Each structure stands twice: as structure tokens, then as C-alpha cells.
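In what follows, a structure is listed as C-alpha cells, so that the remarks can point back to it.
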Amino acid sequence: MTMIPTTSVTLGSSHEEEEVEEELLSLMMDNDVAPPTTTTTTTSSSFTPDQEKQIINDLIHVSGSNAKPGDLFYLLSNRWYMEWLRYTGQDSDENSTVSTVCRPGQIDNHHLVIGGSDSYGDDLELLKTLQEGHDYVLVSQDVWKILYDWYKGGPALPRKMISQGVANKTLLVEVYPLCLQLIDARDDKQYAIRISKKATVRDLYNQVSVLLKLDEEKFRIWDYFNKKKSSVLAVADQDLEDANLQMDQDILVEVEQHLWPSGLGLDSTGNGLALVPVEPARSSITIAGGPTQSNGYSSGYISNFYEGNALGSPLTGAEDGYNLSKMAKGDRGGLSGLQNLGNTCFMNSSIQCLVHTPSLVEYFLHDYSAEINKQNPIGMQGELAIAFGELLRKLWSSGRAPIAPREFKTKLARFAPQFSGYNQHDSHELLAFLLDGLHEDLNRVKFKPYIEIKDATGRPDEEVADECWEIHKARNDSVIVDVCQGQYKSTLVCPVCGKVSVTFDPFMYLSLPLPSTVTRSMTITVFYGDGSALPMPYIVTVPKHGLYKDLFQALGTACCLNSDELLLLAEVYDHGIFRYLVNPLEQLFTIKDEEHIVAYRLPKKQEGFTRLEIVHESKENGVRKRLGTPLVTFIAEAAQKSEDVQNAVQMVLSPLLKVKVCHPSNCIHTSMEDGFASENDIDGLFNAGNSGCRLRNQSVDKMELDQLSNGMDSFILSLTDEKGMHCSSIENDFHFRQDQFMRVILDWSDREYGMYNISFLEDLPVVHKTTTKKIRSEAISLFSCLEAFLKEEPLGPDDMWYCPTCKEHRQATKKLDLWRLPEILVVHLKRFSYSRYLKNKLDTFVNFPTHNLDLRNYVKSNVAARSHTYELYAISNHYGGLGGGHYSAYAKLSKENRWYHFDDSHVSSINEDEIKTSAAYVLFYQRVQEKRVDESSQVHSSSG
């Protein structure tokens with residue numbers, strides 16, 4: 001049991017507070033979390049930030065280890081949660097320098113729901129584009145209860161945890177339950193039904209029965225996808241997900257009993273009866289090669305196959321309308337789009353690239369039943385391969401009607417729960433899963449032998465490479481290995497003893513980094529903590545994908561920072577300091593173009609000093625409001641009187657005095673445009689030193705300051721807390737306690753407005769002002785990406801190599817070389833980068849060859865091999881930013897020698913010279929076969 005530190009607080013007096021307190025204490029004890037040893041309440045002042053942190057973290061640990069299906073979790077605004085993390089000292093970027101942070105206000109989840117702050121009720125609908133970790137976080141019911149007791153607010157957004165997957169069960173919170181559009185066939189009236197996708201068909205009947213006030217045996221429900229009757233939902237215990245129901249699709253309720261034969265639907269006991277087929281079709285074309293009749297239901301299709309019978313294929317599916325019999329006569333196919341089932345463009349893009357891979361098309365359009373491996377313990381019993389093969393055959397049937405990949409998505413969710421639901425995902429991550437999953441389902445090796453790998457020391461690379469490849473093929477032998485897998489050489493060198501370790505490993509694709517040659521201009525306004533000069537904006541150039549330390553160095557050089565000074569950077573938001581930017585290793589993309597960033601020049605030596613933050617306020621029409629930019633300076637910790645604070649404020653404001661201090665012949669009048677001196681004025685101020693004007697930019701010395709302030713009233717200052725809600729006036733006899741940080745509010749009256757030019761503190765420039773003029777980013781070649789991938793580099797400190805000679809982990813150097821290339825070369829451009837809090841996308845244009853990609857200079861094998869020249873045939877594209885982006889695909893029909901754009905349901909032709917864009921994400925190349933090798937009749941192809 002974890003003990004919370006002792007604290008002394010005031011008890012609430014109301015009966016309601018006592019009940020809340022008892023509930024909280026009971027909740028903490030139930031979860032083996034001990035409350036403070038003194039009597040407390042659960043009001044906002046009950047616990048210190050450290051105590052709040054420990055209570056919540058203990059509950060998070062307990063709920064995480066005991067989670068089970070059916071548990072309630074709550075959505076919590078990520079914006080609010082980040083404020084709470086800062087308040088409780090759990091944001092490492094800030095708590096090292098900021099000792100006092102604002103306590104969050106009430107929980108505010110309104111921006112997560114449709115209708116925002118105008119939304120009320122218990123059944124609130126979430127916005128469709130929310131992302132976990134960006135818009136919201138998920139907390140357990142116990143955590144929500146405590147946070148709500150402490151902070152109030154809302155609205156509460158509970159969601160249930162469900163279990164996903166078949167072999168490896170995964171617990172997920174169903175943030176977006178299945179939403180179905182129910183149509184009553186009697187009057188065409190529509191209703192929205194929200195129900196878990198793990199609910200059963202019987203649960204759906206129960207909900208409709210209550211909604212329409214009907215007996216369950218008096219109506220039936222049709223799968224009405226695309227407003228076409230597909231099948232009656234009649235398997236009572238079947239999950240709605242397994243029934244292939246999709247988000248926002250239609251279902252149809254028919255009530256009149258004479259509309260269907262007796263005995264169909266759900267009987268009074270709720271037992272599942274036969275599915276209702278819609279227009280059964282016959283065809284002589286099946287994967288297994290025999291005649292069959294389809295009932296329009298893909299589960300039977302799979303079960304028949306396992307029973308050893310002819311494999312039935314739904315040939316005229318009600319939802320798709322494809323026809324394989326026409327394709328057998330040589331009609332053109334491959335031009336069908338894929339319907340978007342709700343943020344499934346990532347899946348559609350990857351599928352279109354794979355189904356336009358010539359070797360895979362030939363394979364899956366023929367009989368591959370003998371290669372289905374249902375014994376593979378790490379496979380999917382052949383279900384994924386069958387679902388993919390069925391979808392490929394639909395897409396290669398004649399006609400251009402879009403296909404709805406509902407069955408495939410259902411299988412995908414069963415075996416890869418990470419792709420379930422309706423969130424956007426990464427097309428490359430899906431592609432990697434599909435290639436690996438198809439390989440395991442089609443692995444010709446039913447029982448993988450154990451083969452011990454011999455030491456490579458002293459043997460020729462060719463011998464070791466061939467041996468490793470044969471061992472790999474002895475355990476992994478499928479059409480995917482035949483056409484998609486290559487081999488690379490990995491060399492590790494110990495930096496201490498020089499031990500060299502060489503291994504040869506297979507690869508399915510190449511993930512190439514994008515060399516960062518792009519720079520970024522940033523505007524930062526520098527303030528002088530000693531009041532020696534006016535604030536000055538500086539434009540610096542830094543690496544676009546650099547770190548904070550790059551900005552610190554560039555800005556320090558630009559402003560001529562002295563060796564005994566440092567720069568304290570901060571983001572200013574709503575006339576207050578929102579955060580300090582102190583972690584030199586944080587990535588620069590966390591600073592957005594539209595933000596306002598300032599830097600304070602302060603002394604390096606800060607021991608024995610208190611940092612003073614000055615926030616400006618004024619009163620207009622009886623309402624107090626913040627204004628300007630906060631100022632930061634230091635005062636000696638030994639100084640504890642109000643006059644010490646007054647003097648510090650007076651010093652830092654001195655550059656703003658409305659006084660001209662320069663020789664009459666060289667007096668400079670600055671023009672205030674947008675609150676800052678124009679460039680000419682600034683240049684004049686800096687260059688005026690040679691002609692007698694002060695470099696201090698109109699600041700005044702101590703004697704002049706004393707003369708100006710002689711007889712003046714003191715500033716109206718108030719000591720405030722983190723949020724500025726609690727203030728205490730700093731009177732002449734005021735003594736403050738020693739601390740490392742102090743925040744005061746300066747009240748601007750007519751006197752201050754008359755003496756100081758506050759415009760220098762207003763209208764901060766943004767980091768970068770975007771223009772309507774489009775500038776194409778600097779291009780890099782695909783070869784430079786490949787060279788960056790293959791270059792020698794040291795391993796990271798978290799990826800140390802165990803040296804068998806030193807018997808210790810060493811930070812070895814690693815070098816990769818291509819050794820064996822596959823027939824189909826998949827190249828993944830690593831456009832996405834990740835940090836602790838954010839993801840970022842690189843929009844750099846990569847110039848890649850469409851024809852004659854010659855890799856002979858990058859292949860280190862000396863053995864005579866087939867051609868190392870490739871031709872592009874497909875591209876998976878990603879447009880826009882993360883979360884709100886979109887995927888599409890370009891694919892080439894080789895028989896037509898023509899490119900097409902596959903954008904979900906929409907398919908259109910495109911010129912070859914238009915396919916090169918900065919959206920290219922995954923490239924698909926096919927080996928250009930040598931003329932002496934005729935492989936036109938082969939289904940499989942060995943790697944070269």
C-alpha cells in the first residue's frame with residue numbers, strides 16, 4: 001500500500017462535502033491507495049500537487065494491471081490533462097525551471113463533442129476526428145471520479161473496454177461505438193443507434209425492440225449497406241463486427257410478417273436461424289477449380305474450403321456487384337475503387353498497391369488452395385490470405401463499380417486489433433502487417449526446423465550469405481518470400497577491441513530516412529532582463545528538423561550574447577508565459593509558426609537570486625484584463641522588502657520611458673509600426689553608436705532614472721499565485737519570503753501609460769508569418785536517401801551491442817549493405833518523426849526514378865545475379881498532416897502501360913509525369929527482367 005505524505009488542510013463543513021470525502025476515501029482504500037494520515041476533504045485545496053500526482057499515478061497503475069472487458073474508461077481533454085501534468089510537476093520540459101505553475105481550472109471536455117459548450121445530456125456525440133494523445137487521453141473510472149471530485153466540470157464521456165483479436169487478445173477502449181442508421185420500412189423513418197461492435201445480433205434486436213416497441217419475433221433486420229439488401233441479420237450470438245456492419249451504415253427493419261417465409265429471422269427463443277441469401281449465383285470459376293454455389297456469406301466460403309470442398313466465392317455479391325465469369329473471358333479489370341468505410345483510406349491505398357503487383361495478381365487469380373497453411377501457430381489459419389485473395393479477385397473483375405472491403409476489414413480487425421475501429425492509421429504499418437501475415441498464411445513450410453547458425457568468422461561473405469539464405473528459406477517459403485524478400489549484410493565493429501560481427505538478414509522492404517537539408521526561419525523577440533535595451537526581434541535560420549539547442553546557439557550568435565549571459569526562451573500566450581522552452585534536446589517542430597516566442601537575456605549566475613516575473617494588467621470599464629508581454633528579471637534573495645521589487649520593476653521598464661536621450665544632432669525618432677521599430681529604425685539604433693547616440697536604445701542611466709522617479713508614487717504591485725486568481729498587495733512595509741520564483745502583477749494606470757511606451761510590449765511577431773506564395777521545398781534524390789540508410793553510424797546509447805570478445809555491451813558502429821534484391825522492391829520513405837509529445841511529417845520532395853532505377857552500385861554481392869534495374873509500378877501517397885491527412889494510390893496497368901489514380905472510390909487516369917509529388921510515401925518497384933530470361937509463364941520468382 002502506498003502512503004501519501006501527511007498534510008494539514010481545513011475540513012469542509014457541508015453534508016455534501018462530507019459525502020464526497022467519504023466516497024473518495026473509500027475509493028482510495030478499495031484500490032489499496034492510502035489517504036493522507038491527517039483528516040482531509042476532497043475540495044480543491046485538500047492535496048498538494050505532489051499528493052495529487054501520487055494518488056492518480058497509483059490508481060493508474062492499479063487500473064492498468066486489473067483492466068478487463070466491460071470496464072469503464074473516460075475521455076479527458078488532453079489540453080486540460082497537460083495543464084494538470086505541469087501543475088503536478090510531471091512535465092520534464094518545464095518543471096526543471098518553473099517552480100510555480102498554474103493549477104488547472106474545471107475539467108472542460110466540451111471541445112471533444114459535437115456542439116461544443118452548447119451540448120448537454122448524457123448521450124453526447126464525439127467529433128469524428130479526435131486523436132488519442134492529441135485531443136484526449138483515457139483514464140479509468142476511478143481516476144475520473146477523483147479528478148472530477150477535485151476539479152468538477154465535464155461533461156463526462158464514459159466508454160467501455162472491449163477485447164479484440166483472436167489468438168492474441170488485445171484490450172481496447174471503444175471510443176467510437178458502432179453507429180447504425182436504422183430505417184423503418186413502414187414509414188421510412190430513420191433513427192440513429194449507437195451500440196458496441198462487440199454486441200451481438202441479439203443485443204441489436206433487443207435495442208430495436210425497445211426503440212420501436214415491437215416484439216422481437218415480429219420483425220427482422222436487414223444488412224442494408226449502400227441501401228441494398230445484403231442479408232438478414234439472423235445469427236443471434238454473432239458479434240456485429242463479425243456480421244460486417246460498418247460505422248454509419250444503414251440497417252432496414254421490416255415488420256409485416258408476410259414479407260418473408262416463416263421460420264426466418266430470430267424466433268421467440270432468440271435462436272439464430274439460416275441466413276437469407278439474396279439472388280444466389282452460379283459460376284464455373286472458383287479458386288479450387290470446381291463448380292460451386294454461393295450463399296453470399298464469406299464465413300461459409302472459408303469453412304467449405306477447410307472441409308476440403310470446392311471453395312465457394314460470392315460471385316455477384318449484393319453489396320459489390322462484381323462478376324468473375326466475365327473476367328475469365330479476358331475482359332479488362334483492375335480499375336475498381338475501394339469504398340472508404342470510415343478513415344480507411346490508409347487501407348485502401350495499401351491494398352491498391354498490392355493488388356496491382358503483377359506477381360501477386362497472377363498468384364491469387366489461380367488456385368492457391370494447396371498452399372494455405374492453417375497449421376502455422378503464428379499465422380491466421382489462412383483466413384487473411386483467403387480474404388485478401390477474394391478482395392483481389394473482386395477488384396480484377398470487369399467493371400468499375402467501387403468495392404466495399406467490409407469482409408476484409410473485419411478479418412483485419414480480428415487478427416490485427418491495432419487497425420480496428422475508425423481511426424486513421426499508417427499505410428506502411430498496414431502494408432508491413434499484410435505482407436508478413438500473407439507470408440505466414442501461405443508458408444509452404446508446415447513445420448519449421450531448428451537450424452543452428454554457424455559462426456561467420458574467417459569464411460567468405462558469399463558462402464555465409466548463401467548459407468543464411470538457405471536457412472531462412474528452410475523455415476520461410478511462400479510467394480511473399482519469392483517475390484518480396486531480399487537480403488542485406490550487417491556489419492558491427494566494436495570500438496574497443498575491433499571485433500567485427502557480420503550477419504546476413506532478410507528484408508521485406510527498405511525504410512529510408514530523408515536527409516535533412518531543409519532550414520527554417522524563426523522570429524524570436526529578445527528582452528533584456530537588466531533593462532539595458534529595448535526588446536528586439538531577431539530572425540534566425542535553423543535546421544527545420546533540428547533541436548532547441550540549435551535555436552539557442554543561432555539566437556545567441558544573432559544577439560551577441562555575452563559569455564556570462566544565457567537566454568531563457570518562453571512561449572507567450574494570452575499575455576502570459578504559457579511554457580518555458582529549456583530542454584536543449586527537444587525537437588524544434590514542437591514550436592509552431594503561429595506561436596509567439598520570446599527570449600530573456602539573463603545572467604548565467606543565478607545562485608542567490610530570485611527570478612521575478614512581471615505580468616501587466618489594466619482596468620477598463622470596471623473589468624481587469626491582461627496586456628503586453630511579461631518581463632523577467634532577477635533580484636537578490638537577500639532582498640525581502642517591497643522597495644527591492646519596486647526597484648527591479650523600475651529597472652526593467654526603463655527602456656520604455658518616453659524620454660529621448662541622445663545628442664541633439666543625432667536624435668533618432670523611432671516609428672512604431674505594429675508595436676516595433678521598423679528595420680531602418682533598428683539599424684539606425686545599432687549604428688548610431690559611432691555618431692554619438694547610445695547603444696542602449698533610449699534607455700537612461702541611474703542618475704537620470706533617479707531624477708525622473710524623484711517624487712513619483714510607487715508602482716501598484718500585487719503578489720499573485722500561478723493562475724493570477726489570488727493576489728496580495730505589496731505595500732511599503734511588505735516583506736516577502738525567500739523563494740526561487742516570484743510572480744507579480746503590475747497595475748497600469750494613467751500614470752504608467754503617460755510615462756512608458758507600452759507599445760514595445762504589444763503585438764509580438766509570430767515565429768513565422770506564412771505567405772500565400774508557395775515555395776517548393778528543397779528536393780533530394782532517392783539515391784541520397786539510400787546512401788543515408790547504408791552509411792556507417794554508431795549505435796544509440798539505448799541500442800548497445802554485446803561484444804563477445806569484451807564480454808560487455810559496446811556502442812558499436814553499424815554498416816548496412818544490400819546483398820540480394822527481390823523481384824518486387826518496396827521502398828518506404830520515413831516521412832514521419834516522433835517525439836515524446838508530438839509527431840511530425842516531412843514534406844520534402846524526393847526525386848525518384850520512374851524507369852531504370854539502377855542499384856548495381858549498391859549491391860555488394862559478387863555472385864552473378866539477375867538485373868538490378870527496376871521500374872516503378874505503384875505509389876502509396878500521403879497528403880496533409882498527421883491525423884487529418886489522406887491517403888491515395890497511383891498504380892500502373894502494365895498491359896495498358898497507363899497510370900491511374902485510386903482515391904478511395906474514385907479512379908481516374910493520370911499522366912506519368914504527374915505521379916512524382918512530395919506526397920509519395922511508399923514506392924513499389926518491379927525488376928526489369930533480362931531479355932535472355934523468359935519468365936512470362938512462371939507464377940513464382942526467386943530473389944536474385
Side-chain angles (χ1 to χ4, degrees), residues 69-70 160 162-167 169-170 172 174 176-182 193-211 216-217 219-226 228-254 260 263-278 280 294-307 312 314 317-319 341-342 380-384 386-387 390 404-417 420-422:
K160 283 188 177 181
I162 60 174
S163 176
Q164 285 279 117
V166 179
K169 296 287 186 180
T170 302
L172 300 172
E174 190 176 25
Y176 290 97
L178 189 62
C179 182
L180 301 172
Q181 305 301 320
L182 183 148
I193 291 183
R194 292 186 181 87
I195 187 171
S196 172
K197 61 187 174 185
K198 303 305 290 185
T200 63
V201 170
R202 178 185 287 109
D203 296 328
L204 178 61
Y205 271 85
N206 290 339
Q207 192 164 330
V208 173
S209 174
V210 173
L211 178 66
E216 291 182 22
E217 63 270 18
F219 67 93
R220 65 181 178 184
I221 302 176
W222 283 89
D223 179 349
Y224 201 49
F225 187 80
N226 284 346
K228 295 179 182 178
K229 289 184 178 180
S230 176
S231 61
V232 171
L233 301 177
V235 183
D237 294 327
Q238 185 182 39
D239 288 348
L240 298 181
E241 184 177 44
D242 290 340
N244 297 324
L245 295 184
Q246 303 298 316
M247 179 70 77
D248 296 325
Q249 82 155 74
D250 295 322
I251 55 176
L252 180 69
V253 172
E254 289 184 339
W260 62 83
L264 295 177
L266 292 182
D267 63 15
S268 57
T269 64
N271 294 322
L273 303 176
L275 274 174
V276 179
V278 181
S294 169
N295 68 351
Y297 187 53
S298 60
S299 290
Y301 161 68
I302 294 173
S303 62
N304 288 340
F305 178 83
Y306 287 158
E307 291 169 5
E319 69 184 62
L341 304 177
M380 282 144 276
Q381 293 74 52
E383 292 188 40
L384 182 67
I386 293 173
E390 179 184 353
R406 294 201 295 163
E407 294 89 348
F408 181 81
K409 186 178 185 301
T410 298
K411 296 295 181 186
L412 187 66
R414 288 186 64 210
F415 294 108
S420 64
Y422 301 93

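Throughout, numbering of the chain's residues begins at 1 and tracks the sequence. Note that the structure is predicted; figures quoted are calculated from it, not measured.
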Handout entry: Candidate pair M247 and L341, rule side-chain contact (heavy atoms from CB on, under 4.5 Å), full reasoning
Key = CA-CA 7 Å; M247 179 70 77; L341 304 177; over 6 Å; no

Could you grab the distance from atom [atom1] of [X] to atom [atom2] of [Y], nearest 0.5 Å is fine?
X	Y	atom1	atom2	answer
L204	E216	CG	CD	10.0 Å
I251	L182	CD1	CG	4.5 Å
R414	E241	CZ	CD	9.0 Å
Y224	S230	OH	OG	12.0 Å
L178	I193	CG	CD1	10.0 Å
D250	L245	CG	CG	11.0 Å

Partners of [X] by side-chain hydrogen bond (donor to acceptor under 3.5 Å, both in side chains), sequence neighbours excluded?
X	result
S209	none
Q249	D223, R406
N206	none

Exercise for the section: Answer yes or no: is there a donor N or O on one side and an acceptor on the other, between the side chain of E407 and the main chain of P405, under 3.5 Å? Expected result: no

Exercise for the section: Give a yes or no on whether the backbone of I221 and the side-chain of Y205 come within a donor-acceptor separation of less than 3.5 Å. Expected result: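 Yes, the answer is positive, given that a donor and an acceptor are paired below the 3.5 Å cut-off.
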
Handout entry: Under the salt bridge (Lys or Arg N to Asp or Glu O under 4.0 Å) test, residues paired with E174 that sit two or more places apart
Key =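 With sequence neighbours excluded, E174 shows a salt bridge (Lys or Arg N to Asp or Glu O under 4.0 Å) to no residue whatsoever.
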
Completion exercise
By salt bridge (Lys or Arg N to Asp or Glu O under 4.0 Å), K409 pairs with (sequence neighbours left out) none

Handout entry: Side chains of L384 and F408 in contact at under 4.5 Å (non-hydrogen atoms)
Key =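 In contact.
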
Practice task
Answer yes or no: is there a side-chain heavy-atom contact under 4.5 Å between L252 and K228?
Solution key: no

Exercise for the section: Of all the heavy-atom pairs spanning L172 and P417, show the shortest one and how long it is. Expected result: CD1-O, 3.6 Å

Practice task
State, to 0.1 Å, how close T410 and Q246 come at their nearest heavy-atom pair, and which atoms those are.
Solution key: OG1-NE2, 4.2 Å

Problem - Full working for side-chain contact (heavy atoms from CB on, under 4.5 Å) between V201 and L240 - result: CA-CA 6 Å; V201 170; L240 298 181; 4.1 Å; yes

Handout entry: Lys/Arg N to Asp/Glu carboxylate O, E390 vs K411, below 4.0 Å
Key = no

Practice task
Return the set of residues passing side-chain contact (heavy atoms from CB on, under 4.5 Å) with D239 (not counting sequence neighbours), or none when no residue passes.
Solution key: K198, T200, D242

